[in-house]
Amino acid sequence: MLEESTTLTQNFLEVISDPQPVTIVSYQACPAHVVNTWSSYIKVVDDSTFLVPAAGMRSIEADIAAQNSQLILTFGSMKFEGTEGPGRGYHVYATGEFVEAGEYFDLMKADLPWLRKVLVVHVQEVKQKI
């Protein structure tokens with residue numbers, strides 16, 4: 001059975017713990033913009049918020065600044081059982097904001113000195129796809 005939630009579930013957190021690529025899409029932009037990061041860089045703050053370091057991500061940042069803060073993030077791992085066998089994947093529907101100072105920025109900058117800003121992701125829905 002496919003899992004759906006408005007918060008980060010334990011099954012989702014298992015997938016995010018496996019260092020895999022993560023895709024971030026600002027889909028309301030025209031055209032849509034797509035960037036990538038690694039799940040190992042992401043810090044979970046609580047069950048509906050996580051932080052993504054931004055070295056680049058200028059296209060997504062511009063979309064958010066233009067009031068297009070709706071994002072889809074994709075996560076997956078072959079390491080965990082999914083609905084049809086090995087492999088579990090999720091789409092996370094969220095809004096985002098970029099910060100360049102404050103608690104979240106300082107927290108991320110301590111571990112990742114190369115970051116320029118932090119993308120704060122506010123989860124609206126988590127849907128398991130496989």
Side-chain angles (χ1 to χ4, degrees):
M1 182 157 136
L2 295 174
E3 179 180 57
E4 291 188 26
S5 177
T6 57
T7 61
L8 304 176
T9 65
Q10 188 58 43
N11 287 336
F12 173 80
L13 293 174
E14 286 178 347
V15 168
I16 203 173
S17 72
D18 187 22
Q20 297 292 325
V22 175
T23 301
I24 305 166
V25 181
S26 59
Y27 62 91
Q28 288 185 322
C30 190
H33 290 110
V34 179
V35 298
N36 295 289
T37 192
W38 295 101
S39 60
S40 57
Y41 290 154
I42 294 174
K43 288 193 187 292
V44 175
V45 175
D46 59 39
D47 68 354
S48 63
T49 310
F50 58 87
L51 310 176
V52 180
M57 294 194 193
R58 286 179 172 83
S59 60
I60 301 286
E61 183 179 10
D63 293 341
I64 288 173
Q67 306 304 319
N68 294 319
S69 66
Q70 296 294 315
L71 303 172
I72 299 174
L73 296 89
T74 64
F75 296 82
S77 172
M78 289 292 294
K79 195 176 189 180
F80 302 98
E81 190 73 16
T83 59
E84 303 295 328
R88 189 184 311 155
Y90 292 88
H91 288 181
V92 175
Y93 300 87
T95 59
E97 63 178 306
F98 282 87
V99 297
E100 57 186 326
E103 177 186 0
Y104 290 159
F105 182 83
D106 294 342
L107 176 69
M108 296 291 283
K109 186 77 167 176
D111 292 334
L112 306 167
W114 47 262
L115 69 79
R116 178 180 64 82
K117 291 186 179 181
V118 173
L119 173 59
V120 181
V121 176
H122 304 284
V123 175
Q124 297 173 324
E125 188 173 19
V126 179
K127 287 187 175 181
Q128 184 178 1
K129 302 310 273 187
I130 57 172

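Here the structure is a predicted model, which is why all the values come from computation and not from measurement. For this chain, numbers begin at 1 and follow the sequence in order.
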Minimal heavy-atom distance between G96 and I64, with the atoms involved, is O-CG2, 3.4 Å
With F75 as partner, the option from F80, F12, Y90 fulfilling ring-ring contact (aromatic ring centres under 6.0 Å, His included) is F12
Taking the side chain as every heavy atom from C-beta outward, state whether D106 and E103 have any pair of such atoms under 4.5 Å apart. no
Tell me the closest heavy-atom pair linking V25 and A32, and the distance in Å. CG1-CB, 4.3 Å
Mind running side chain to side chain contact (heavy atoms under 4.5 Å, CB included) on Q70 and T95 for me, showing each step along the way? CA-CA 5 Å; Q70 296 294 315; T95 59; 3.3 Å; yes
Rounded to the nearest 0.5 Å, what separation is found between the CD atom of Q124 and the OG atom of S48? 10.5 Å
To the nearest 0.5 Å, tell me how far D46 CG sits from L8 CG. 8.0 Å
Looking at E61 and R116, does any basic side-chain N land under 4.0 Å from a carboxylate oxygen? yes
Evaluate the side-chain proximity of V35 to S59: yes if any heavy-atom separation is below 4.5 Å, no if none is. yes
Filter on side chain to side chain donor-acceptor pair (under 3.5 Å), then keep only pairs touching residues 73-86, sequence neighbours left out; what's left? D18-S77
Are any non-hydrogen side-chain atoms of Q28 and D63 less than 4.5 angstrom apart? no
Is there a side-chain contact between E125 and V92, using heavy atoms and a 4.5 Å cut-off? no
Main chain of Q20, side chain of S39: is a donor-acceptor contact present, judged purely on distance under 3.5 Å? yes
Under the side-chain hydrogen bond (donor to acceptor under 3.5 Å, both in side chains) rule, collect the residues that match up with S17, sequence neighbours excluded. none
Could you list the residues that satisfy side-chain hydrogen bond (donor to acceptor under 3.5 Å, both in side chains) with D47, not counting sequence neighbours? none
Check each of T37, V121, I42, L119 against L73 using the side-chain contact (heavy atoms from CB on, under 4.5 Å) test, and report the only one that passes. V121
Is there a path of hydrophobic side-chain contacts, each under 4.5 Å between heavy atoms of I, L, V, M, F, W or Y residues, that connects V44 with I24? yes
Under the ring pair (Phe, Tyr, Trp, His ring centres under 6.0 Å) test, which residues partner F98, sequence neighbours left out? none
Would you mind reporting whether V52 and M57 have side-chain heavy atoms less than 4.5 Å apart? yes
Non-hydrogen side-chain atoms of V118 and K43 separated by less than 4.5 Å: no
Inspect the surroundings of CD in E100 and state if more than 12 heavy atoms from other residues, nucleotides or ligands are less than 6.0 Å away. no
In this structure, CZ of R58 is separated from NZ of K117 (nearest 0.5 Å) by 8.5 Å
Transitive ILVMFWY cluster of L2 at side-chain heavy atoms under 4.5 Å: who else is in it? none
Going through the checks in order, is the side chain to side chain contact (heavy atoms under 4.5 Å, CB included) test met by E3 and V126? CA-CA 8 Å; E3 179 180 57; V126 179; 5.7 Å; no
Listed once per pair and sorted, the ring-ring contact (aromatic ring centres under 6.0 Å, His included) pairs that draw on residues 107-130, sequence neighbours left out: Y41-W114
Would you name the heavy atoms of H33 and I60 that are closest together and state the gap between them? O-CD1, 3.6 Å
